[in-house]
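What follows is one structure encoded as structure tokens, with my remarks underneath.
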Protein chains: 2
Amino acid sequence: MAAGDARSAIRLSPMEVPKASDVLANELRERILSGEYPEGTPLPPERELVTQTRMSRTTVREALRILEVQGLIRIKAGRAGGAFVQRPGEESVASSLELLIRGRQIRLASVHETREAIEPSCARLAAQHRTAGDLRRLEAANEEIAASADLDGFLRANVDWHVAVATASHNEILTGIMMALSRAIYTTTHNEGFVNDEVRDITVRAHRSVTRAIKERDADAAVRRMTRHVHSYAAAALEVDERTTVSVPEED
Amino acid sequence: MAAGDARSAIRLSPMEVPKASDVLANELRERILSGEYPEGTPLPPERELVTQTRMSRTTVREALRILEVQGLIRIKAGRAGGAFVQRPGEESVASSLELLIRGRQIRLASVHETREAIEPSCARLAAQHRTAGDLRRLEAANEEIAASADLDGFLRANVDWHVAVATASHNEILTGIMMALSRAIYTTTHNEGFVNDEVRDITVRAHRSVTRAIKERDADAAVRRMTRHVHSYAAAALEVDERTTVSVPEED
DNA sequence: CCTGGTCTAAAGGTCTGACCCAATTTACCA
DNA sequence: TGGTAAATTGGGTCAGACCTTTAGACCAGG
């Protein structure tokens, strides 16, 4: 009865009727992703697309807006402006992760868990693949973190260093994720003033030691030290958090 | 002269003029993310927004389109339709990661590296936080993987199991990432026909043993086994890949 | 009673055509 | 020749109309 009380045996699944703008957006997206157009290739002007597709300008514009939000094109105004093909970068991943974290009011614990999963691997890959330039950036971030006077400067430099490690891994996916996590942690940690001189000192030392391991291409040490650093940071942040907010009970 | 030949001493820095649709989109986004509106809350109808904001309908619609692409609202047509608040879910992260992977023609190695970073942690957290329902899903996926006859069924069931592990971790970020990676791996592995009976058998056994560890809440064992499983899978896939495509030279 | 047809109101989807603003070229004049 | 003004090209916005989809109500007929 539950699914059989129809007089006919014919079954159909729910069907979707795509919107015109989606159709166009999908078409363009596929072409862009296929690599058919190199980065920077200009799409035809809107009015040209109108005549080619026989859609209205509104529709065309909505399609372009979709692709723009997805980071697949960049739109400039003015003469010689228009829509230009752009390969999606870490930015888009970072921003969507940011939406997830902010919108879902994700437990801070989740963010730290993810970080503990990601960062040691970043450190390992960085130790394996780092270039001289990567090293320069890491050390520059280290300088800055030691030199930073105020809280905000410290946090910012801290983020920079962690992102630099991810960048040195030469893995775009991990880099994108780290950028997003860093931003999230940056904004949350900002309010809780748990950064005192001691924390700062410990952080600087930890960063130095990880950097050294990366420099010496000692993957195992990099993983070990990064794991410890991230873990202790997470523990400290969580402790502060628990003192501040109500902890979410774990279902079971 | 360079910066002082003005008759007035008033200096202004270059300013950006945001687009109207962006302004509206940002305003609505902030409100949604702040949690002010619970999920499912209907936004005012487009025409209503037009009168409230004194913008044109085109502008309003572009703003809504932006939010829709970002996964913050869902738009239904027809009477009682409209825009409804929606908290961004794993899918949006997954799809943006997918764009990154496809668009950048990311090295398959990067995807596997990320997986090797993520999945062991998923397994650990799953072992710690799993519920009875999670376990059911895991075992169901196991059944299906053993029962699957054709290649496609196998791959699909395989993905299901890995996603189920991520879900059992009760960490939305990791889950989102895993969904994206799985999809990417699914599509790439699809073509290379490296899945033979032996691979299949090994996979099933590995999954069973990880599932068991999760069931028994043995976090360490879960991590260990998952690490080995993912690593060997990655190695095998990479080997096939190297036989098929040209490997990218590593810069230094 | 069900079943299907019809109607209506609400809301998004699409189209048209016009106008505005920004960035470049181009052409012209001092 | 060099600077400035006009023309051109392109996106951004607006106003208004019409189409399509959906929910709900109401009706008619077997």
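To find a chain, count down the sequence lines: A is the first, B the second, and so on, and within it residues start at 1.
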Do the side chains of [X] and [Y] get close enough for a salt bridge, i.e. N-O under 4.0 angstrom?
{"X": "B:Arg102", "Y": "A:Glu30", "result": "yes"}
{"X": "B:Arg65", "Y": "B:Glu68", "result": "yes"}
{"X": "B:Glu113", "Y": "B:Arg107", "result": "yes"}

- Task: Determine whether more than 12 heavy atoms belonging to other residues, nucleotides or ligands lie under 6.0 Å from atom CD of A:Glu16.
- Result: no
- Distance in Å, A:Ile185 CD1 paired with A:Arg115 CZ, rounded so as to fall on 0.5 Å steps: 4.0 Å
How long is the line joining [atom1] of [X] and [atom2] of [N], in whole Å?
{"X": "A:Leu24", "N": "C:dG13", "atom1": "CG", "atom2": "P", "answer": "16 Å"}
{"X": "A:Arg57", "N": "C:dG17", "atom1": "CZ", "atom2": "P", "answer": "13 Å"}
{"X": "A:Lys19", "N": "C:dA11", "atom1": "NZ", "atom2": "P", "answer": "17 Å"}
{"X": "A:Arg61", "N": "C:dT16", "atom1": "CZ", "atom2": "P", "answer": "16 Å"}
{"X": "A:Glu46", "N": "C:dC19", "atom1": "CD", "atom2": "P", "answer": "19 Å"}

- Message: Test your reading of the model: is there a side-chain donor-acceptor pair from B:Arg130 to the backbone of B:Ser169, 3.5 Å cut-off?
- Response: no
- Polar side-chain atom of B:Arg31 near backbone of B:Glu36 as donor-acceptor pair, under 3.5 Å: no
- Where chain B begins and ends its contact with DNA chain D, read 5' to 3' at 4.0 Å from heavy atoms: D:dG12 to D:dA23
- Item | Nearest heavy-atom neighbours spanning A:Gly35 and A:Arg87 | CA-NH2, 3.7 Å
- So what does B:Thr59 hit on the nucleic acid, given a heavy-atom distance under 4.0 Å: a base, only sugar-phosphate, or nothing? sugar-phosphate
- Step by step, would you call A:Arg47 with A:Val60 a side-chain contact (heavy atoms from CB on, under 4.5 Å)? CA-CA 9 Å; A:Arg47 289 158 174 98; A:Val60 168; over 6 Å; no
- Query: Which letter, B, S or -, goes with each nucleotide of nucleotides 23-28 of chain C from 5' to 3', with contact meaning a protein heavy atom under 4.0 Å?
  - Reply: BBS---
- Starting from the 5' end of DNA chain D, give me the residue, A:Pro45 or B:Ser56, whose nearest nucleotide shows up first. A:Pro45
- Message: So for B:Arg65 and C:dG13, does any side-chain atom that can act as donor or acceptor lie under 3.5 Å from a complementary atom in the base?
- Response: no
- Using heavy atoms to find the nearest nucleotide of DNA chain C for B:Ile75 and B:Val17 separately, return the residue whose nucleotide is more 5′. B:Ile75
